[in-house]
Amino acid sequence: QVQLVESGGGLVQAGGSLRLSCAASGRIFSINTMGWYRQAPGKQRELVAAITSSGSPGYADSVKGRFTISRDNAKNTVYLQMNSLKPEDTAVYYCSAELNRYNYWGQGTQVTVSS
């Protein structure tokens, strides 16, 4: 069974930091791009950050300079370091990854930033 398991969400005050992790497990023979999406109530799911298999990152304009995506290929894990968090960052964050040439999604983890 191939799956993505997320961790690291929670409640934090504005200006604080969180680090999200997402580990792929199962019978995996290839991993391509990995990334993080988020969905706030009443809003469409949006891409926050993505990183290629070679480590090239990309970010949504709203998080540039504050968030950093990274990956550890040996652990089949992608991370999202979130600094200087704002209330508008509050959302359910989803990990996504191309595993075995098929796109998978994590279960989502809630990030809540208080004023």
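In plain terms, the two heavy atoms of V2 and R27 that are nearest each other are CG2-O, 3.6 Å. The shortest non-hydrogen separation linking V48 to V63 is O-CG2, 3.6 Å. Residue S53 comes nearest to N73 through the heavy atom pair O-ND2, 3.5 Å, listed as atom of the first residue, atom of the second, then distance. Heavy atoms only, all atoms of each residue included: S30 and R101 are closest at OG-N, 3.8 Å. Across every non-hydrogen atom of N83 and S17, the tightest pair is OD1-OG, 2.9 Å. Nearest approach of M34 to R71, heavy atoms of both residues: SD-NH2, 3.6 Å.
By the 4.5 Å heavy-atom criterion applied to side chains, S96 and N103 are counted as neighbours. Contact check for Y104 versus E98: no side-chain heavy atoms found under the 4.5 Å cut-off. C95 has its side chain within reach of W36: a pair of non-hydrogen atoms, C-beta onward, lies under 4.5 Å apart. No side-chain heavy atom of Y93 sits under 4.5 Å from any side-chain heavy atom of L18.
Side-chain atoms of N100 do not come within 3.5 Å of backbone N or O of I31 as any donor-acceptor pair. Distance alone, capped at 3.5 Å, places no donor-acceptor pair between the E46 side chain and the R38 backbone.
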Next item on the list: Would you please test N32 and T52 for side-chain hydrogen bond (donor to acceptor under 3.5 Å, both in side chains) and show each step?
Entry: CA-CA 6 Å; N32 207 314; T52 67; over 6 Å; no
Check: Taking it one step at a time, do W105 and Y37 satisfy ring-ring contact (aromatic ring centres under 6.0 Å, His included)?
Finding: CA-CA 10 Å; W105 292 88; Y37 290 73; 4.8 Å; yes
Next item on the list: With side-chain hydrogen bond (donor to acceptor under 3.5 Å, both in side chains) as the test, would you mind laying out the steps for T90 and E88 before giving the verdict?
Entry: CA-CA 5 Å; T90 295; E88 50 262 45; over 6 Å; no
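Under the 4.5 Å side-chain heavy-atom criterion for ILVMFWY residues, no single connected hydrophobic cluster contains both M82 and V92. Hydrophobic cluster membership is shared by V111 and L4, with clusters built from Ile, Leu, Val, Met, Phe, Trp and Tyr side chains linked at under 4.5 angstrom. Both L99 and V78 sit in one connected hydrophobic cluster of ILVMFWY residues. Membership requires side-chain heavy atoms under 4.5 Å apart, directly or through other members. Residues Y102 and I28 fall within the same hydrophobic cluster, defined by Ile, Leu, Val, Met, Phe, Trp and Tyr side chains chained together at heavy-atom separations under 4.5 Å.
The distance from atom CD of Q81 to atom CD1 of I69, rounded to the nearest 0.5 Å, is 12.0 Å. A distance of 9.5 Å separates OH in Y94 from CD in Q107, rounded to the nearest 0.5 Å. Rounded to the nearest 0.5 angstrom, T33 OG1 and I51 CD1 are separated by 9.5 Å.
Under 4.0 Å is where a charged nitrogen must lie from a carboxylate oxygen, and between K86 and D89 no such pair does.
Checked by atom type, the side-chain pair D72/T77 shows no donor-acceptor distance below 3.5 Å.
Open room surrounds CD on Q13; 12 or fewer heavy atoms of other groups in view lie less than 6.0 Å from it.
Cation-pi geometry between R19 and Y79 is satisfied (NZ or CZ under 6.0 Å from the ring centre, within 45° of the ring normal).
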